[in-house]
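A short write-up of the structure that comes next.
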Amino acid sequence: MWRSPVVAALAMALCSQAWPATVTVDAGTAVVLGTQAEVSSRLFGITAFEGFPSVVGDLDYRVRVQALRPGVFRFGGAVSWFAPDQFDPGWYDTPEAARQFQETLLLGARYPYGRFLPLVREMGAESMLSLGNPPPYLTLEGTANPSDFDQWAALCAGYVSLWRRFDPDLRLVQVWNEPNASWFKDPRVKAGFSEAALHIEMANKVSRAIKARFPDVEVGGPVLCWPPSWPASQTGMKPWYTWDLWTLPWLEGTRETMDFFDFHVYNVSPADFQVQCEMVAAAARAIQGRDLPLWITESNYDLSAEERADPAAIWAKRVLPYERLLLHGMLPQADKVAGNLVHDLAAQAFRVLGDPESPEAMYWLLWILRDLRGTRLLAESDDPAVTTYATLEEDRLTVIAFNDSSESREVTIRAALPGGWWTGPAVRAIGQGDHGGLTRPQLRTGDFRHEPPGAVGTVELPAYATASISFRLDHFARPGRQRTTTEHFAAETLRFLRGTDPVTLQLPLPDASRGKVVLRLGLLGATGKERLRVALNGHDLTADAVTIQDIPLDAAPETGANTLTVRLAEPADNPRLAVAFASLVVTAER
């Protein structure tokens, strides 16, 4: 788990005493997670079901949005908005289809996607199309679902062809939106079958129709409205029922048609999120024999109508939790998570930017993280309360430092820069203000001095403050060393702990694995009160009943197969408690 602090320079309202911490940034060493060596701008995308007409029509609004450097915009692709009057997939290739796609009024009921798509590319981002909403003649009575899957697939392929006329490089397409929230009402679901089976049938036909015309388009789903083994409890369902009802059947049934796995994340802790990602990664390797990219195409934290007008609630219940989700949950899983989109650009309940003259608190969080892009660098600290990331682009080295504690931190930073002299640094910060809401404190950078091979300075990070520091030059040298992390999963997932019976898992470790090895263990439903007994190859290990943990190994694991046993030391009245996944994580230097 890549967490440590790094460079920041600020003079915020100083606490009476700051705890000391020391941070080092090594721009000569890249951190590679799996095969993924970068922090992608796709992790900072935006779902834009509302608001994008203002990006097209209002230059000031556009500049504000582009300043966030988002990597992806996701759009609701209502097929009924641009569909022939009767079933005719060839209509999408006509001049009339292109005219409607480009000339629809900005503030009308339909979005002028033909004007959206080129602008997205101009902003340095890409578009994602979320298919849905068949036209009336193709809608099953009493539902919002297509009545004929073959005709629906043909229309979807035609619709994608229309999008490709305005964005020839369009590559990201979803087959539907939140089927586990809507498809359960479909009358075609008969006894002995599931909603997932019907959705899989539809999704496979849509994917094959699209790929027959555009083999390079990436199609994904199922676009679950919550994480893949959620929820912990629901009336009439067993704990974590989505895993068996939706996720495993989807992985089995779409192994030849889907390019990514997609789900939404609302009100989920960083640790729970990590476990969900690990579970899908493990199951995809076991079932499909591949690393299946994950997309989080909606993510946010709910607020009541009253809380949406309360700056203290916005900070404490949305911005700070979302920051932790990004920095503690998603970025450590960047080898699995290909993209993440905050929901929504301008929707009233979930808004990144409504008025360009008065951006939302969530906007300022993304603004702080706007330069966390490019090659991931090694950043280490002796204080686990301060989370840090560092990245390298062609013209800048950026450090993010987040003090996730109630005590101020005085941080001494030593950043080895790869190009010698630098300009700046440019500094931005957010934090909690005197009245509990978000504030943007003024920072100073005079304490940073040139000291070969880079920069040295001391900064004070007040409680829950985050700073972004970017050093600029005309170019930077690339890292010459790597720290790589690879993960080897047990094939078994979601094994419930009952009584004191053991859960047994087999953990592979290839002969080629070299370096430091730890055991990563994820649980679902742990309260922290349970007592675990964990052993690897008969050697007892110390483990806690927490959501996710990395456990040091006293004895080196065997190459080939290793046997892990997990059991309760004494029975616990907790029917939700389960081993979610287990893996051996190897970290090596080269």
Side-chain angles (χ1 to χ4, degrees), residues 42 45-53 55-57 65 70-85 87-106 108-135 138 146 151-177 202-203 205-221 223 257-260 262 295 297-298 338-339 341 344-345:
R42 294 188 297 271
I46 302 174
T47 284
F49 286 172
E50 298 185 34
F52 211 82
V55 177
V56 178
V65 176
V72 180
F73 290 96
R74 171 177 173 247
F75 299 115
V79 175
S80 60
W81 286 359
F82 299 100
D85 294 333
F87 178 71
D88 178 13
W91 176 83
Y92 290 104
D93 297 321
T94 66
E96 175 59 19
R99 185 193 67 78
Q100 290 188 25
F101 200 64
Q102 188 172 30
E103 297 181 7
T104 304
L105 292 175
L106 277 172
R110 304 176 182 181
Y111 280 179
Y113 287 123
R115 297 169 69 181
F116 284 23
L117 302 183
L119 182 56
V120 168
R121 291 292 177 181
E122 289 176 20
M123 296 172 70
E126 63 179 318
S127 298
M128 173 180 278
L129 165 58
S130 180
L131 293 168
N133 301 95
L138 199 57
Q151 290 190 357
W152 169 243
L155 278 191
C156 287
Y159 192 40
V160 170
S161 75
L162 184 58
W163 281 62
R164 291 276 291 224
R165 289 168 70 180
F166 291 85
D167 182 3
D169 295 320
L170 176 77
R171 69 183 185 93
L172 298 171
V173 176
Q174 296 176 310
V175 293
W176 197 256
N177 186 53
M202 182 274 288
K205 290 186 175 183
V206 169
S207 179
R208 291 187 179 107
I210 292 172
K211 287 177 175 294
R213 295 191 61 177
F214 307 105
D216 59 324
V217 166
E218 296 179 16
V219 182
V223 200
T257 56
M258 292 294 138
D259 301 295
F260 58 88
D262 190 337
W295 273 85
T297 53
E298 291 181 24
L341 311 179
D344 183 272
L345 180 60

* Once you round to the nearest 0.5 Å, how far does CZ of F101 lie from CH2 of W81? -> 11.0 Å
* Evaluate the criterion side chain to side chain contact (heavy atoms under 4.5 Å, CB included) for residue pair E298 and F49; output intermediate values, then yes/no. => CA-CA 11 Å; E298 291 181 24; F49 286 172; 3.8 Å; yes
* **pair P146-L155: side-chain heavy atoms closer than 4.5 Å** => no
* To do: Only counting residues at least two apart or in another chain, list the ones meeting side-chain hydrogen bond (donor to acceptor under 3.5 Å, both in side chains) with R164.
  => D216
* **salt bridge (charged side-chain N to carboxylate O under 4.0 Å, His left out) involving D88 - partner list, sequence neighbours excluded** => none
* Could you pull out all residues at least two apart from W163 that satisfy side-chain hydrogen bond (donor to acceptor under 3.5 Å, both in side chains)? => Y159
* To do: With the side chain counted from C-beta on, respond yes when C156 and W176 share a heavy-atom pair under 4.5 Å apart, and no when they do not.
  => no
* Could you label the plane-to-plane angle of the F116 and Y111 rings as parallel, tilted or perpendicular, counting under 30° as parallel and over 60° as perpendicular? => tilted
* Distance, nearest 0.5 Å, that separates CG of L170 from OH of Y113 -> 12.0 Å
* Identify, with sequence neighbours excluded, every residue that meets side chain to side chain contact (heavy atoms under 4.5 Å, CB included) alongside A48. => F52, F73, F75, L345
* Asked: With sequence neighbours excluded, what pairs up with E96 under the side chain to side chain contact (heavy atoms under 4.5 Å, CB included) test?
  -> W91, T94, R99, Q100
* Asked: Can you name the side chain to side chain contact (heavy atoms under 4.5 Å, CB included) partners of K205, sequence neighbours left out?
  -> F149, D150, A153, E201
* Asked: Hey, does L172 have a side-chain heavy atom less than 4.5 Å from the side chain of F260?
  -> yes
* To do: For D262, check side-chain hydrogen bond (donor to acceptor under 3.5 Å, both in side chains) against everything at least two apart and list the hits.
  => Q174, T297
* To do: State, to 0.1 Å, how close R74 and S130 come at their nearest heavy-atom pair, and which atoms those are.
  => NH2-OG, 3.8 Å
* **side chain to side chain contact (heavy atoms under 4.5 Å, CB included) partners for D169, two or more places apart** => R121, D167
* Only counting residues at least two apart or in another chain, list the ones meeting salt bridge (charged side-chain N to carboxylate O under 4.0 Å, His left out) with R171. => E126, E218
* Do you know the tightest heavy-atom contact between G77 and L129? -> CA-CD1, 3.4 Å
* Asked: Which pair of non-hydrogen atoms, one from P70 and one from A125, has the smallest distance, and what is that distance?
  -> O-CB, 3.4 Å
* Asked: Any donor and acceptor pair, going by atom type alone, linking the side chain of S207 with main-chain N or O of T257 inside 3.5 Å?
  -> yes
* Could you tell me whether the side chain of N133 and the main chain of V79 form a donor-acceptor pair under 3.5 Å? => no
* Evaluate side chain to side chain contact (heavy atoms under 4.5 Å, CB included) for F214 paired with V173, printing each intermediate quantity in order. => CA-CA 11 Å; F214 307 105; V173 176; over 6 Å; no
* Passes side chain to side chain contact (heavy atoms under 4.5 Å, CB included), V175 versus L131? Steps please. -> CA-CA 5 Å; V175 293; L131 293 168; 5.6 Å; no
* State which residues pass side-chain hydrogen bond (donor to acceptor under 3.5 Å, both in side chains) with E50; sequence neighbours excluded, sorted by chain then number. => none
* Structure fact -> When every non-hydrogen atom of R165 is compared with those of A98, the smallest separation belongs to NH2-CB, 3.4 Å
